[in-house]
There are 2 protein chains.
Amino acid sequence: MTTAPPRARGYRGARRPTLKDVAALAGVSMKTVSRVVNGEPGVAPAKVESVERAVRQLDYRPNLTASSLRRLDGRTAAVAALLEDLANPFSAELHRALEDVAHEHDVLLFAGSLDESPEREKRLVRAFTSRRADALILAPATSDQGYLTYEVPEGTPIVFVDRAPSGYEADAVVADNVDGARRAVTHLIGHGHRRIAFLGDRTAIQTARDRFAGYQQALHARGVPFDPDLVVHGLEDAGRAAAALPRLMELRDPPSALFAAQNEITVGAIRHLQAAELQDRVAIVGFDDFPLADLLRPGVTVVAQDPTAIGRAAAERVFARLAGDSTPARTVVIPTRLVVRGSGEIPAPAGPRRP
Amino acid sequence: MTTAPPRARGYRGARRPTLKDVAALAGVSMKTVSRVVNGEPGVAPAKVESVERAVRQLDYRPNLTASSLRRLDGRTAAVAALLEDLANPFSAELHRALEDVAHEHDVLLFAGSLDESPEREKRLVRAFTSRRADALILAPATSDQGYLTYEVPEGTPIVFVDRAPSGYEADAVVADNVDGARRAVTHLIGHGHRRIAFLGDRTAIQTARDRFAGYQQALHARGVPFDPDLVVHGLEDAGRAAAALPRLMELRDPPSALFAAQNEITVGAIRHLQAAELQDRVAIVGFDDFPLADLLRPGVTVVAQDPTAIGRAAAERVFARLAGDSTPARTVVIPTRLVVRGSGEIPAPAGPRRP
DNA sequence: CTGAAAGCGCTTACAG
DNA sequence: CTGAAAGCGCTTACAG
């Protein structure tokens with residue numbers, strides 16, 4: 001209990017007043033109070049007045065959980081967002097964009113981090129469903145979301161963000177990962193690099209596989225040989241990314257450029273490059289923008305996703321579905337943008353490598 | 001509606017099954033199903049078995065909003081966090097820490113950004129209260145929270161984070177803003193600076209005033225004259241902070257050091273220093289750490305708050321109150337930490353200023 | 001324009 | 001160990 005000072009008015013310490021209490025004080029039926037509280041028309045002005053006075057006097061606040069229980073549509077005006085990690089700037093910006101659109105619709109947001117844990121995803125989906133969230137926005141950690149079929153009622157829209165669904169048909173808003181990665185690597189090739197390392201997250205993650213595919217496609221398109229020694233998967237955080245670099249840089253024929261396929265990986269790689277004083281000699285392009293990328297020296301060239309646009313688009317799909325849109329599931333692809341800042345334009349060292 | 005494939009089992013397209021449906025299928029009373037679902041002891045094993053079979057067959061999921069409506073304690077197992085801006089790394093980390101503790105208690109989190117808007121704060125407090133959140137965690141945008149007395153029922157704990165309450169008695173978890181600012185400025189004085197600018201947020205914000213007080217105290221303690229020309233308040237974002245610098249640097253007697261009293265302000269100031277190529281000549285210490293502060297050149301010296309510690313402590317207060325702790329409201333002060341990285345150790349230029 | 005009765009999906013408070 | 005009845009705070013579906 002917080003030790004609040006005694007209340008100046010209204011109920012004090014007693015149970016919260018209910019519709020019934022307001023009705024009794026105003027001398028009308030519960031139904032009339034309900035009409036006034038919900039702004040329904042067709043109530044005599046005098047009764048409206050006396051209900052409003054009673055509401056003020058009692059500090060009455062409607063109980064939305066009770067009203068949603070009885071309402072036919074069962075809406076709770078709450079939507080759940082299940083994202084990768086709310087502390088990561090990508091998820092945080094996405095979350096903020098979702099909040100802004102939800103706020104326009106007077107809808108609140110539940111939020112949860114999945115941390116790449118399929119179990120956590122299932123647990124949270126169930127928790128939000130039990131609380132009757134009106135819709136789910138999901139950046140899945142599972143590789144197959146077939147379980148949603150029996151876990152979530154059909155009336156509850158699900159919109160996937162960042163990662164496309166698998167085993168379940170639903171709207172999705174994703175970045176063009178293959179194309180973005182291709183552009184990043186093509187950019188490096190354009191600056192003369194032929195030894196380009198791939199630094200990626202766990203291959204269980206679809207977007208990680210897509211970015212790897214884009215990397216391979218870019219090499220192939222420009223006739224740059226693919227060398228598995230330059231590929232590192234499974235870099236789950238900045239620390240592991242930094243730790244993976246020494247081995248790469250000590251190869252007989254080390255990479256002259258790095259493609260870091262996720263923001264944490266980019267930061268980890270740069271931390272190592274700076275520690276080894278290689279930041280002006282080894283080129284790097286990252287996938288995902290991050291705050292302050294422009295303030296590092298050199299500035300960090302990235303393929304930027306637009307988490308705000310992704311979030312807004314996802315929220316718009318949610319509210320379209322809630323408004324009754326029953327067209328087939330669609331996937332919205334948000335394009336990426338190459339942001340040139342310096343690190344990606346470091347040229348390959350001149351050498352005998354190219355005939 | 002998402003266009004899910006036909007369900008393999010359970011209800012399909014029909015309404016969700018209820019306790020009553022399970023009871024009918026299992027051939028027991030609703031009360032028995034309730035007992036099994038809630039893990040209450042004292043049900044014959046055979047009945048447990050047949051209830052569990054019916055639950056699986058129907059894909060029954062209890063409706064938590066209904067159960068919380070009827071329960072005596074009325075708990076919804078949801079807590080609301082009203083923070084400054086979920087996209088700001090400080091709020092995002094704080095939010096994540098809250099989530100982690102809540103998750104340990106099987107409690108979900110509602111989240112909202114206040115954007116320094118008192119109206120938005122009141123609207124969201126009401127929205128969360130209407131949804132019967134079990135507790136509120138609040139980084140207030142209002143200057144007086146007296147309205148909480150009649151807006152939030154006494155049984156609902158409120159814990160303030162980052163900013164202390166005013167006009168309302170409640171637990172709070174805050175950083176030591178005065179002391180942190182004092183240490184930052186003392187550190188700059190220790191490197192010979194006597195012309196130290198203060199770059200602060202709107203003075204309507206208590207923490208902004210506290211940090212300004214710490215700045216003044218440090219000057220006073222070391223006998224450095226206070227010059228109002230070196231003080232800029234009202235810097236609401238990085239852009240305004242950057243835009244405020246030219247005027248300062250063009251003073252007849254410009255500052256040799258900056259104290260940036262918030263992370264966005266620090267970033268804005270650095271953006272200007274880099275653009276003007278002053279980053280190696282003008283010292284800066286920021287309040288609040290931020291990601292990549294160590295990777296800038298020079299590294300950015302900051303007085304770091306610990307948003308994770310603040311969040312954990314706040315969540316712990318919440319769950320202590322929910323568990324029945326009725327001791328007087330307390331304020332937990334989380335100490336700050338000076339993190340030396342280079343920008344704060346740039347010495348004052350030698351000059352005739354000091355006798 | 002207004003209200004009495006029933007019911008949303010659960011748990012409580014009993015009685016057996 | 002089990003269940004029938006009542007009720008949480010609202011809205012629905014009526015009837016007047």
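Letters go in sequence order (proteins before strands), and every chain restarts at 1.
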If we ignore angles and hydrogens, is there a donor and acceptor under 3.5 Å between the side chains of A:Glu99 and B:Ser113?
yes
Indicate whether the side chain of B:Tyr147 and that of B:Glu121 have a donor and an acceptor atom separated by less than 3.5 Å.
yes
Relative to the 5' end of DNA chain D, which residue comes earlier, A:Asn63 or A:Leu72, by the nucleotide with the nearest heavy atom?
A:Asn63
One character per nucleotide, please: for nucleotides 1-8 of chain C, 5' to 3', B when the base has a protein heavy atom closer than 4.0 Å, S when only the sugar-phosphate does, - otherwise.
SBBB-BBB
Calculate the interatomic distance between [X] atom [atom1] and [N] atom [atom2]; express it in whole Å.
X       : N      : atom1 : atom2 : value
A:Arg75 : D:dC10 : CZ    : C1'   : 18 Å
A:Asn38 : D:dT12 : CG    : C1'   : 12 Å
A:Tyr60 : D:dG9  : OH    : C1'   : 7 Å

Within less than 4.0 Å of OP1 or OP2 of C:dG9, is there a side-chain N or O belonging to B:Ser67?
no
Among A:Val48, A:Val28, A:Val51, which residue satisfies the side-chain contact (heavy atoms from CB on, under 4.5 Å) criterion with A:Val43?
A:Val48
Does some side-chain heavy atom of [Y] sit less than 4.5 Å from a side-chain heavy atom of [X]?
X        : Y        : result
A:Thr76  : A:Arg131 : no
B:Val152 : B:Phe128 : no
B:Arg75  : B:Ser68  : no

Would B:Asp325 and B:Phe319 satisfy side chain to side chain contact (heavy atoms under 4.5 Å, CB included), going step by step from the backbone distance to the final call?
CA-CA 9 Å; B:Asp325 176 358; B:Phe319 290 106; over 6 Å; no
Using 0.5 Å steps for rounding, measure from the CD1 atom of A:Ile205 to the CD atom of A:Glu116.
3.5 Å
Secondary-structure stems for DNA chain D, with pairs counted as Watson-Crick or G-U when both distances are under 3.5 Å and runs at least 3 long:
C:1-3 with D:14-16, C:5-12 with D:5-12, C:14-16 with D:1-3
